[in-house]
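One structure is given below, encoded as structure tokens.
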Amino acid sequence: MPHHKLSSLFFENAQKVIPGGVNSPVRACKSVGCDPIFVESACGCRLRDVDGNTYIDYVGSWGPMILGHCRREVNAAVEEALQSGTSFGIPTWQEVELARMIVECVPSIEEVRLVNSGTEATMSAIRLARGVTGRKKIVKFDGCYHGHADSFLVKAGSGVATLGIPGSPGVPEEVVSGTLTAPFNDLEAFKKVLEQHGDEIAAVILEPVPANMGVVLPREDFLPTLRQLTSDRGIILIFDEVITGFRLALGGAQEYFGVTPDLTCLGKIIGGGLPVGAYGGRREIMDQVAPVGPVYQAGTLSGNPLATAAGLATLRVLSRPGIYDVLEERMAMLAAGLEGLSARYGITNRIQRIGSMMTGFFGHNRPVLNFEDALKSDTRLYGKFFRGMLEKGVYLAPSQFEAAFISLAHSDTDIEMTLRAAESVFKSLAQ
Ligand SMILES: *Cc1c(COP(=O)(O)O)cnc(C)c1O
């Protein structure tokens with residue numbers, strides 16, 4: 001049995017000086033019924049906690065670490081950048097290089113602005129959409145998470161879902177009254193929203209493959225129909241690809257599904273583990289952003305040299321041929337293994353996977369198509385599974401409503417070890 005003495009001690013002290021002891025809510029592990037571990041270091045697909053326990057990591061910093069921790073090329077790039085200075089607030093050619101790579105890879109993006117987080121990216125994209133269309137309302141889908149800006153804290157996924165928070169105090173009603181919602185994968189409901197408010201809607205924003213209510217796949221006609229319906233009404237379609245960008249393919253979900261939005265938000269992977277976000281799209285829209293256009297958006301640390309270096313190094317490795325096939329194969333192996341084990345031990349667990357991301361929805365044996373379905377999951381059983389896996393040296397997301405990610409550093413052996421751990425946990429759950 002691993003012990004967590006130092007982690008417990010740190011957590012106790014953390015709670016005295018940080019709200020809940022954490023700098024982002026889900027990290028507190030509340031919904032899985034234990035205290036967080038504190039990390040000492042990480043390498044490849046493994047985390048080491050302050051008590052000396054090691055874990056195979058399926059969180060990957062919530063998505064960014066697609067190459068694994070301490071990837072040689074990324075560390076070398078950051079170390080080199082560090083020697084030249086950590087921030088200037090003056091243009092550097094590396095920012096241009098990162099922008100150029102993003103433009104080259106992501107079908108919808110002709111121009112891109114770098115920011116510091118996914119939250120900043122979605123917040124800025126919405127402002128731009130409102131500025132360009134002169135309309136006020138936005139539509140989001142239940143269970144999609146777009147960061148913590150006011151307009152998006154309505155039926156949001158991620159920590160909002162994990163903690164069962166309906167919205168958030170401190171968000172003015174006037175702000176959220178501009179946010180209309182519909183269930184994901186439900187075109188009829190979406191059409192009704194359009195009928196009622198079509199002329200007031202600036203933008204429709206969605207995770208093309210939601211990962212913040214657990215991984216939910218779009219029905220075949222969902223994305224193409226949204227594209228058509230928004231184009232017909234001059235509504236800006238925004239894909240929030242903060243997770244799916246450079247995860248499902250170099251060109252993200254829009255390349256994977258062949259549906260091109262007007263604006264795209266990026267984050268996570270494009271920072272290679274440092275704080276970065278980006279939003280981009282067609283030139284005529286992006287040229288409405290200051291200083292070319294009137295829509296204001298700025299950032300002291302935007303295009304930060306260390307973050308840019310980590311992002312560039314990450315995207316360069318991802319651009320090598322065959323990477324996404326390897327990632328997909330390994331995740332498919334894990335998913336198939338878990339499916340087989342669930343069946344063998346009579347654990348009801350609906351595995352939903354695309355590319356290198358996956359969620360097992362406990363208590364489900366039919367497709368989970370939207371937030372309402374996801375919320376019916378057996379979160380207590382998930383909590384038991386999480387704790388069992390932690391004890392066996394596997395670190396999963398401390399919430400049912402998140403994805404598991406694998407990285408290039410997860411080998412077949414790591415996956416076999418994970419499946420052996422899962423087998424013994426399922427065995428004990430079945431008893
Ligand atoms: C993580 C995430 C965000 C927010 O990004 P932060 O960097 O945490 O602000 C936005 N949208 C999606 C889809 C995300 O997964």
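Whatever order the structure lists them in is the order used to number ligands and atoms, beginning at 1.
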**Item:** Side-chain H-bond candidate by donor/acceptor type, R113 with Q297, under 3.5 Å
**Value:**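 Side chains of R113 and Q297: pair found under 3.5 Å.
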**Asked** Are R282 and D262 ion-paired here, with the side-chain N under 4.0 Å from a carboxylate O?
**Response**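 Answer for the salt bridge query: yes.
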**Request:** List for me each residue that meets salt bridge (charged side-chain N to carboxylate O under 4.0 Å, His left out) alongside E174, sequence neighbours excluded, and say none if there are none.
**Result:**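 For E174, no residue satisfies salt bridge (charged side-chain N to carboxylate O under 4.0 Å, His left out) once neighbours in sequence are set aside.
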**Request:** For H410 and Y58, run ring pair (Phe, Tyr, Trp, His ring centres under 6.0 Å): C-alpha distance rounded to whole Å, both residues' side-chain angles, the deciding distance at 0.1 Å, then the answer.
**Result:** CA-CA 9 Å; H410 289 77; Y58 288 97; 4.8 Å; yes
**Asked** Taking any residue with a non-hydrogen atom under 4.0 angstrom from an atom of ligand 1, which ones do you get?
**Response** S117, G118, T119, Y145, H146, G147, E207, N212, D240, V242, I243, K268
**Fill in**
For L6, the side-chain contact (heavy atoms from CB on, under 4.5 Å) test, sequence neighbours excluded, returns L9, F10, V50, D51
**Prompt:** side chain to side chain donor-acceptor pair (under 3.5 Å) with S399: which residues, sequence neighbours excluded?
**Reply:**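 Side chain to side chain donor-acceptor pair (under 3.5 Å) list for S399, sorted by chain: T162.
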